[in-house]
Amino acid sequence: MILTFPDKTKREFPSGVTPAEVAAIIGQGLKKVALAAKVNGRLVDLDTPIQSDADIKIITYEDDEGKEIFWHSTAHIMASAILHLYPKAKLAIGPAIPNDFSARFYYDIDLPQPLTEDDLGAIEAEMSKIIAKDLPFKRLEIPIEKAIKKFNDEGDIYKAEMVSEFESETVSLYTHGDFIDMCRGPHIPSTGKVKAFKLLSVAGSYWRGDENKKMLWRIYGVSFPEKKMLKEHLEKLEQAKLCDHRILGKALDLFSINDDIGPGLVLWHPKGAIVRNIIENFWREEHLKNGYELVYSPHIAKINLWHKSGHLDFYRDSMFDPMPVEGQQYQLKPMNCPFHIYIYKNKKRSYRDLPFRWAELGTVYRFERSGVLHGLSRVRGFTQDDAHVFCRPDQLEDELLKLLDFNLFFLKAFGFNEYETHLSTQPEKYVGSQEIWDKATEALKMALRKKELEYKMDPGAGVFYGPKIDVHIKDAFGRAWQCTTIQVDFNLPEKFGITYTGEDGSEHQTVMVHRALLGSIERFFGVLVEHYAGNFPVWLAPVQVKILLVVDEVNDYADRIADMFVSSGVRVEVDKRNQKIGYKIREAETLKIPYMLIVGKKEASEGKVSVRKHRIGDIGLTDPRSILAELLQKIKTRSID
RNA sequence: GCCGGAGUAGCUCAGCUGGUAGAGCAGCUGAUUCGUAAUCAGCAGGUAGUGGGUUCAAAUCCCAUCUCCGGCUCCA
């Protein structure tokens with residue numbers, strides 16, 4: 001029989017050969033790192049005999065599939081360790097999670113007693129024993145009926161529930177040592193392949209992700225084929241932790257959230273507020289340059305507005321309670337769109353006037369459940385960089401194309417060059433006709449195609465009034481954050497009766513596009529802080545230049561330099577404290593100030609400054625005017641280095 | 001909202017099985033005028049998240065509550 005390898009080479013093997021044997025024949029090195037195989041596109045265990053001609057690929061940790069198999073097998077090892085220590089534990093599910101930033105696998109377990117992170121050490125120790133024994137993973141298949149009986153008899157209610165929903169005749173089980181678990185497989189050949197692992201955390205999680213079902217214990221972990229990789233991974237996690245915007249926000253004095261004020265409500269300190277102002281000013285200028293007009297709307301309005309829009313039906317639980325005002329109910333606004341709709345409705349609109357592009361940095365309030373609040377990324381009061389485009393159906397596509405361009409321009413300006421684009425379609429609960437939905441979805445698809453943007457379908461993830469394109473940006477750590485959302489809406493225009501007078505003299509329904517590019521200014525700011533690790537590029541840095549005095553004799557000279565920079569619009573601070581220069585430098589470095597100008601007698605007498613760049617160090621004596629020019633150039637071009 | 005963990009000075013943290021709260025940094029005062037990541041000395045700073053309870057005695061044990069952290073669920 002002939003096996004064909006990925007490089008198209010063919011080799012003859014006896015029928016019934018296993019991938020493990022094939023790997024060994026190719027080389028002992030490959031045999032050692034082989035984890036599974038792909039035979040005719042199907043992943044199988046290394047000991048699965050191959051009976052006839054096939055395409056074969058030996059899967060190692062280098063392959064994405066190999067990684068998942070490796071991590072998933074570690075989850076099995078963890079589960080077996082847990083059963084050793086807690087015989088009453090019932091297993092639920094334990095997948096690999098390749099897209100998670102910190103963990104690589106988890107297992108959900110039902111346990112009668114609480115589990116804390118202190119218990120992880122014991123589980124790790126037990127896992128080490130199982131790994132040391134280098135137990136082989138073995139596959140067996142049994143008829144579904146038998147499996148159901150087995151799980152029921154053993155009280156394995158979660159496995160029993162899952163297997164009872166399978167439609168196949170048989171189900172596969174995997175064992176290693178005394179452990180047995182239902183699993184599609186494949187698995188690594190033996191437990192000894194796991195050379196390094198760590199259990200990271202314990203958390204609650206609902207069975208099947210349903211908050212009405214029982215809460216199970218979820219243990220997250222990571223594993224690797226080499227010790228070095230674990231070390232690197234843990235260092236990366238450590239690094240990310242130090243870049244956490246909640247930590248940097250405190251260290252750099254950017255913002256705070258205070259109990260006395262309320263959870264999820266942000267106080268922007270001067271240093272954070274200046275960055276926000278720069279972002280917002282940039283945003284406004286660019287919107288004006290790109291055919292938008294700026295509007296403002298109130299923070300509260302009669303609740304009927306949300307009744308009419310339909311938001312109340314869908315999001316009542318996430319809205320703050322209404323407040324009575326002179327016998328009427330008023331609502332703290334959870335979004336801006338109804339206001340913009342009423343600006344539109346303020347007078348009759350002609351087809352000649354469309355499109356209108358109305359933008360607002362609109363602060364909205366949403367009642368987020370207490371457990372979900374998180375720094376700046378999940379808050380109860382936040383500012384959307386919102387806009388609504390009102391256009392004719394024939395203008396829609398062009399507007400969407402413009403929007404996609406405009407969006408990428410913004411994301412690039414802030415240093416985000418990697419994105420994931422999602423197209424979210426009709427959810428289960430929605431308003432409007434199928435025809436309208438299809439039309440809206442088609443318009444979004446068409447725009448994505450014309451821009452040649454790759455996108456993933458996200459079925460059912462649209463908004464109740466329309467489908468949307470979401471853009472997730474990737475930060476410096478490779479984590480994805482949802483920022484941009486672009487939503488086509490034929491439904492609210494219908495509900496609010498917004499129309500334009502056409503060329504033919506009759507009224508036509510207007511099309512609306514809702515969009516936020518940065519999303520929430522709060523969250524975007526948090527992402528930026530982490531992306532830059534607090535090292536803001538010059539144009540955004542709260543303090544761009546710090547002038548550090550060596551001796552106080554040069555006070556007047558330092559003031560003159562400072563004035564020169566300030567009058568050019570540069571944000572400067574002067575450190576005149578009676579401290580050693582090393583102390584001042586250390587502090588300025590800690591505060592991540594991009595430019596330090598050191599001024600002593602030497603500089604004053606020569607009319608120069610010593611420049612020290614953050615994270616780079618001393619770059620020597622320079623004419624202050626040349627460094628000012630360099631700064632102004634960077635600010636003007638919004639240079640990100 | 002749910003599960004678990006945690007809340008001690010402005011910040012970072014220490015404080016054994018209950019015995020009356022401590023360090024570094026920051027702050028203030030003074031000395032020092034100093035050249036590329038921390039000068040020295042002194043002073044001040046806490047009703048231990050909050051409210052109850054147990055006890056001769058509570059930061060420490062118990063209950064409630066608030067907030068935060070890790071997740072789950074949710075996210076117009």
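Proteins come first, then strands; the chains are lettered A, B, ... in the order of their sequence lines, and each starts at number 1.
- For the segment residues 360-369 of chain A, the set of residues with a heavy atom within less than 4.0 Å of an atom of RNA chain B comprises A:R366, A:R369, in numerical order.
- Listed pair A:K250 / B:G10 fails the phosphate criterion, with no side-chain N or O lying under 4.0 Å from OP1 or OP2.
- Across the C1' atoms, B:G10 and B:C16 are found 30 Å apart, a figure rounded to whole Å.
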Dump the intermediate steps for salt bridge (charged side-chain N to carboxylate O under 4.0 Å, His left out) on A:D489 and A:K495, then the final yes or no. CA-CA 11 Å; A:D489 181 6; A:K495 288 191 178 211; over 6 Å; no
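- The residue A:L216 sits apart from the nucleic acid: no heavy atom pair falls under 4.0 Å.
- With both ends at atom P, the span from B:C68 to B:U12 equals 15 Å, rounded to whole Å.
- With sequence neighbours excluded, the residues forming a ring pair (Phe, Tyr, Trp, His ring centres under 6.0 Å) with A:F314 are A:F464, listed by chain and number.
- With B:C74, B:A76, B:G71 as the candidates, the nucleotide lying closest to the side chain of A:V372 is B:C74.
- Comparing the same atom, C1', in B:G22 and in B:U8 gives a spacing of 10 Å after rounding to whole Å.
- Ring pair A:H514/A:Y465 is parallel by interplanar angle, where below 30° counts as parallel and above 60° as perpendicular.
- Note: A:Y365 and A:F320 have perpendicular aromatic rings, judged against thresholds of 30 and 60 degrees for the angle between ring planes.
- Remark: A:D259 pairs with no residue by the salt bridge (charged side-chain N to carboxylate O under 4.0 Å, His left out) rule, at least two apart or across chains.
- For the C1' atoms, the distance from B:G46 to B:A26 is 16 Å, rounded to whole Å.
- Contact annotation: side chain of A:R378 to base of B:C74, donor-acceptor pair present below 3.5 Å.
- A:Y206 contributes a side-chain N or O that forms a donor-acceptor pair with the base of B:G1 under 3.5 Å.
- For A:I619, the side-chain contact (heavy atoms from CB on, under 4.5 Å) partners at least two apart in sequence or on another chain are A:V611, A:K613, A:I616.
- If you check every strand for non-hydrogen atoms under 4.0 Å, A:Y220 touches sugar and phosphate atoms only.
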What is the per-nucleotide protein-contact pattern of nucleotides 40-51 of chain B, from the 5' end, where B denotes a base atom under 4.0 Å from a protein heavy atom, S denotes such proximity for sugar-phosphate atoms only, and - denotes neither? ------------
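- Rounded to the nearest Å, the gap between the P atom of B:G51 and that of B:C66 is 15 Å.
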Dot-bracket for RNA chain B, 5' to 3', with Watson-Crick and G-U pairs under 3.5 Å, [ ] for crossing pairs and | for other-strand pairs: what is it? (((((((..((((.....[..)))).(((((.......))))).....(((((..]....))))))))))))....
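- Between A:S201 and B:G71 there is no side-chain polar atom (N or O) within less than 4.0 angstrom of OP1 or OP2.
- Residues from residues 580-587 of chain A lying near RNA chain B, meaning a heavy-atom separation below 4.0 Å, are A:K580, A:I581, A:G582, A:Y583, A:I585, A:R586 in numerical order.
- Contact annotation: A:H374 side-chain N/O to B:G70 OP1/OP2 distance is under 4.0 Å.
- Heavy atoms of A:R218 sit under 4.0 angstrom from primed sugar atoms or phosphate atoms, though from no base atom.
- As rounded to the nearest Å, B:A9 and B:G5 have C1' atoms that lie 24 Å from one another.
- With C1' as the reference atom, B:C28 and B:C63 are 42 Å apart, rounded to whole Å.
- The stretch residues 311-322 of chain A touches RNA chain B through A:H311, A:Y315, A:S318, A:M319, each having a heavy atom under 4.0 angstrom from the strand.
- At a non-hydrogen distance threshold of 4.0 Å, A:I598, A:G600, A:K601, A:K602, A:E603 from residues 590-603 of chain A come into contact with RNA chain B.
- Shown are A:F496, A:W358, A:Y342, A:F356; of these, the ring pair (Phe, Tyr, Trp, His ring centres under 6.0 Å) with A:F390 is made only by A:W358.
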Would A:D244 and A:R246 satisfy salt bridge (charged side-chain N to carboxylate O under 4.0 Å, His left out), going step by step from the backbone distance to the final call? CA-CA 5 Å; A:D244 189 313; A:R246 292 166 299 182; 2.5 Å; yes
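- Separation of the C1' atoms belonging to B:C69 and B:G42 is 39 Å when rounded to the nearest angstrom.
- Residue A:Y465 is classed as a sugar-phosphate contact, given heavy-atom separations below 4.0 Å to backbone atoms only.
- Classification of A:D108 and A:R218 as a salt-bridged pair holds, one side-chain N sitting under 4.0 Å from a carboxylate O.
- Taking 4.5 Å as the limit, some side-chain heavy atom of A:Y86 sits within range of a side-chain heavy atom of A:D119.
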Ignoring hydrogens and angles, write down the donor-acceptor pairs under 3.5 Å from the side chains of residues 109-116 of chain A, residues two or more places apart or on other chains.
{"unit_1": "A:D110", "atom_1": "OD1", "unit_2": "A:K214", "atom_2": "NZ", "d": "3.1"}
{"unit_1": "A:D110", "atom_1": "OD2", "unit_2": "A:Y158", "atom_2": "OH", "d": "2.6"}
{"unit_1": "A:D110", "atom_1": "OD2", "unit_2": "A:K214", "atom_2": "NZ", "d": "3.2"}
{"unit_1": "A:T116", "atom_1": "OG1", "unit_2": "A:D118", "atom_2": "N", "d": "3.2"}

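- Here A:V551 lies in heavy-atom contact (under 4.0 Å) with a base.
- Partners of A:R560 under the side-chain contact (heavy atoms from CB on, under 4.5 Å) rule, at least two apart in sequence or in another chain, are A:D556, A:Y557.
- Of the residues in residues 254-273 of chain A, A:D259, A:P263 come within less than 4.0 Å of RNA chain B through at least one heavy atom, sorted by number.
- A:S610 comes within contact range of at least one nucleobase, with a heavy-atom separation under 4.0 Å.
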